[in-house]
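For ligands, and for the atoms within them, numbers begin at 1 and follow the listed sequence.
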Amino acid sequence: MDLNGKVALVTGSAQGLGRAFVEILLKNGAKVSLLDVNVPKGEELKAVFDQTYGPEQTIFIPCDVTSEVQLKDAFHKTKEKFGKLDIVCNNAGIANEQDWEKTITVNLNGVIRGTYLAMEIMKQQKEGGVIVNTASVAGLEPLTLMPVYTATKHGIIGFTRAMATASTICKSGVRLNALCPAFVQTNLLDSVIDDDQLAGVVKTMTIDIMKRIGPLNVSEVAEAFLQLVTDESKNGAIMKIEKQGGANYVQFQFNTELKTAPK
Ligand SMILES: NC(=O)C1=CN([C@@H]2O[C@H](COP(=O)(O)OP(=O)(O)OC[C@H]3O[C@@H](n4cnc5c(N)ncnc54)[C@H](O)[C@@H]3O)[C@@H](O)[C@H]2O)C=CC1
Ligand SMILES: CC/C=C\C[C@H](O)/C=C/C=C\C=C\C=C\C(=O)[C@@H](O)C/C=C\CCC(=O)O
């Protein structure tokens, strides 16, 4: 898929991975709608991108992905502004085991609602579209000290695979994938390490592990994201990316497509 002239929407895009995904899309000629709950950071970033790519290439929309009204409105504003929607990355996420209900609402409900909104718009377009949901290696293996975060990321992978199969069966023209990075040097990682109640154990274990495996930087993950967006042959594929070993597609024991697709 050639990204030149394509229209993308990225949630949680004011910093970290979301910011890197926006930048790689812009570099490849796409127009991008930036959504984030952090309004000063989002506006600041839009101003930075305006300098390099021009003000017409992006729009910043303040949006909390836990709000049905705000998310719906942001999708519709994006379509109105740019005329279509080709690429959606449901990326906003937090790692807060104390406020575990909020973690579920942001990480899982936000991704599910974003996927449904994207499908609704994309399936009406002749060219369809692609949805990339940000999961984590924690969606493939448990992070012992972060069970709720782990649950949300396993949920994202299951949901994405099921939707991808349904999309093939319904011939909607929409591809769905999930991206599973290991530790990435961002504020989310710092927030876990700085967490008052978990700090002791998590800090020691996480720092030990990061020393052993090394954290990824956001640009390495953005390259893997670009591969998922552009490769039209991989509907339903789940990509894992680690410092050692790089980016690879995950092999599952059960292939949902074979189990559920009509013969
Ligand atoms: N940093 C890491 O080690 C890894 C992160 N991930 C996932 O990558 C995604 C992005 O995380 P990072 O860039 O690391 O974190 P980050 O904390 O640097 O950035 C997250 C962004 O999401 C925004 N956000 C948070 N709650 C929101 C909400 N309710 N509505 C809209 N925006 C909201 C924040 O304001 C922030 O701009 C998350 O889904 C995270 O779980 C996955 C694997 C590893
Ligand atoms: C391998 C990392 C997977 C995902 C990163 C995730 O999205 C971000 C999480 C931020 C901090 C998590 C800290 C959690 C620590 C723990 O739960 C430890 O008990 C075990 C941590 C990792 C085990 C993986 C390994 O040993 O390679």
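At least one heavy atom of K153 sits closer than 4.0 Å to an atom of ligand 1. Using 4.0 Å as the threshold, R212 has a heavy atom nearer than that to some atom of ligand 2. Ligand 1 is never approached by T11 to a heavy-atom distance shorter than 4.0 Å.
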Which atom pairs, one a donor and one an acceptor, fall under 3.5 Å between side chains of residues 126-134 and the rest of the protein, sequence neighbours left out?
unit_1, atom_1, unit_2, atom_2, d
N133, OD1, N90, ND2, 2.9
N133, ND2, T115, OG1, 3.4
N133, ND2, T160, OG1, 3.1
T134, OG1, N91, OD1, 3.0

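The CD1 atom of I157 sits 3.5 Å away from atom SG of C180, with the distance rounded to the nearest 0.5 Å. Between S136 atom OG and L17 atom CG the span is 10.0 Å, to the nearest 0.5 Å. Atom OG of residue S33 and atom CD of residue E80 lie 11.5 Å apart, to the nearest 0.5 angstrom. Note: L140 CG to T150 OG1 = 10.5 Å, rounded to the nearest 0.5 Å.
The salt bridge (Lys or Arg N to Asp or Glu O under 4.0 Å) analysis of residues 218-238, with sequence neighbours excluded, yields the pairs E220-K243, D231-K234.
The closest protein non-hydrogen atom to atom 41 (O) of ligand 1 is Y149 OH, 2.6 Å. Of the protein's heavy atoms, V37 CG1, 3.6 Å lies nearest to atom 33 (C) of ligand 1. From the protein, the heavy atom lying nearest to atom 15 (O) of ligand 1 is L188 CB, 3.3 Å. The protein heavy-atom contact nearest to atom 1 (N) of ligand 1 is T186 OG1, 2.9 Å. Of the protein's non-hydrogen atoms, the one nearest atom 3 (O) of ligand 1 is V184 N, 2.8 Å. Protein heavy atom at the shortest distance from atom 34 (C) of ligand 1 is D36 OD1, 3.5 Å. Among protein heavy atoms, atom 21 (C) of ligand 1 sits closest to G12 O, 3.6 Å. The nearest protein atom to atom 17 (O) of ligand 1, hydrogens excluded, is given as Q15 NE2, 3.3 Å; this is a heavy-atom distance.
In summary, the atoms of ligand 1 found under 4.0 Å from a heavy atom of G16, numbered by their order in the structure, are 13 (O), 18 (O). Within the listing of ligand 2, atoms 10 (C), 11 (C) sit less than 4.0 angstrom from a heavy atom of L189. For ligand 1, the atoms closer than 4.0 angstrom to any heavy atom of G93 are 38 (C), 39 (O). Proximity to D64 (heavy-atom distance under 4.0 Å) selects the following atoms of ligand 1: 28 (C), 29 (N), 30 (N). With ligand atoms numbered from 1 in the order given, ligand 1 contributes 3 (O) to contacts under 4.0 Å with heavy atoms of F183. For ligand 2, the atoms lying closer than 4.0 Å to a non-hydrogen atom of I209 are 20 (C), 21 (C), 22 (C), 23 (C). When each atom of ligand 1 is checked for a heavy atom of T134 under 4.0 Å away, the hits are 7 (C), 8 (O), 9 (C). The atoms of ligand 2 that sit less than 4.0 Å from any heavy atom of M146 are 11 (C), 12 (C), 13 (C), 14 (C).
Side-chain contact check for V137 versus P181: every heavy-atom pair is 4.5 Å or farther apart.
Taking a cutoff of 4.0 Å between a charged side-chain nitrogen and a carboxylate oxygen, E97 and K102 do not qualify as a salt bridge. Between D50 and K46 there is a salt bridge, since at least one side-chain N of the basic residue sits less than 4.0 Å from a carboxylate O of the acidic one. Between E56 and K81, at least one side-chain N (NZ, or NE/NH1/NH2) sits under 4.0 Å from a carboxylate O, which counts as a salt bridge.
Heavy atoms of V184 found under 4.0 angstrom from ligand 2: none, in either backbone or side chain. The proximity of L145 to ligand 2, defined as any non-hydrogen pair under 4.0 Å, involves the side chain as well as the backbone. Only the backbone of A182 comes within contact range of ligand 1, with a heavy atom under 4.0 Å; no side-chain atom does. Heavy atoms of N91 found under 4.0 angstrom from ligand 1 belong to the backbone as well as the side chain. Of all the heavy atoms of A135, the ones lying under 4.0 Å from any atom of ligand 1 belong exclusively to the backbone. Counting heavy atoms under 4.0 Å from ligand 1, residue C63 touches it through the backbone alone.
Taking any N or O of V137, backbone or side chain, none lies under 3.5 Å from an N or O belonging to ligand 1. Some N or O of V65 is nearer than 3.5 Å to an N or O of ligand 1, by distance alone. Between Y149 and ligand 2, at least one N/O pair is under 3.5 Å apart.
Checked by atom type, the side-chain pair S167/S172 shows a donor-acceptor distance below 3.5 Å.
Between F159 and Y116, the ring-plane angle classifies as perpendicular under the 30° and 60° cut-offs.
Around the NZ atom of K31, the shell of radius 6.0 Å holds no more than 12 heavy atoms that belong to other residues, nucleotides or ligands.
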Legend entry - T58 and L26: CA distance, side-chain angles, deciding distance, side-chain contact (heavy atoms from CB on, under 4.5 Å) verdict: CA-CA 9 Å; T58 59; L26 289 170; 3.7 Å; yes
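Cluster membership for V7 and V10, using ILVMFWY side-chain heavy atoms within less than 4.5 angstrom, is not shared.
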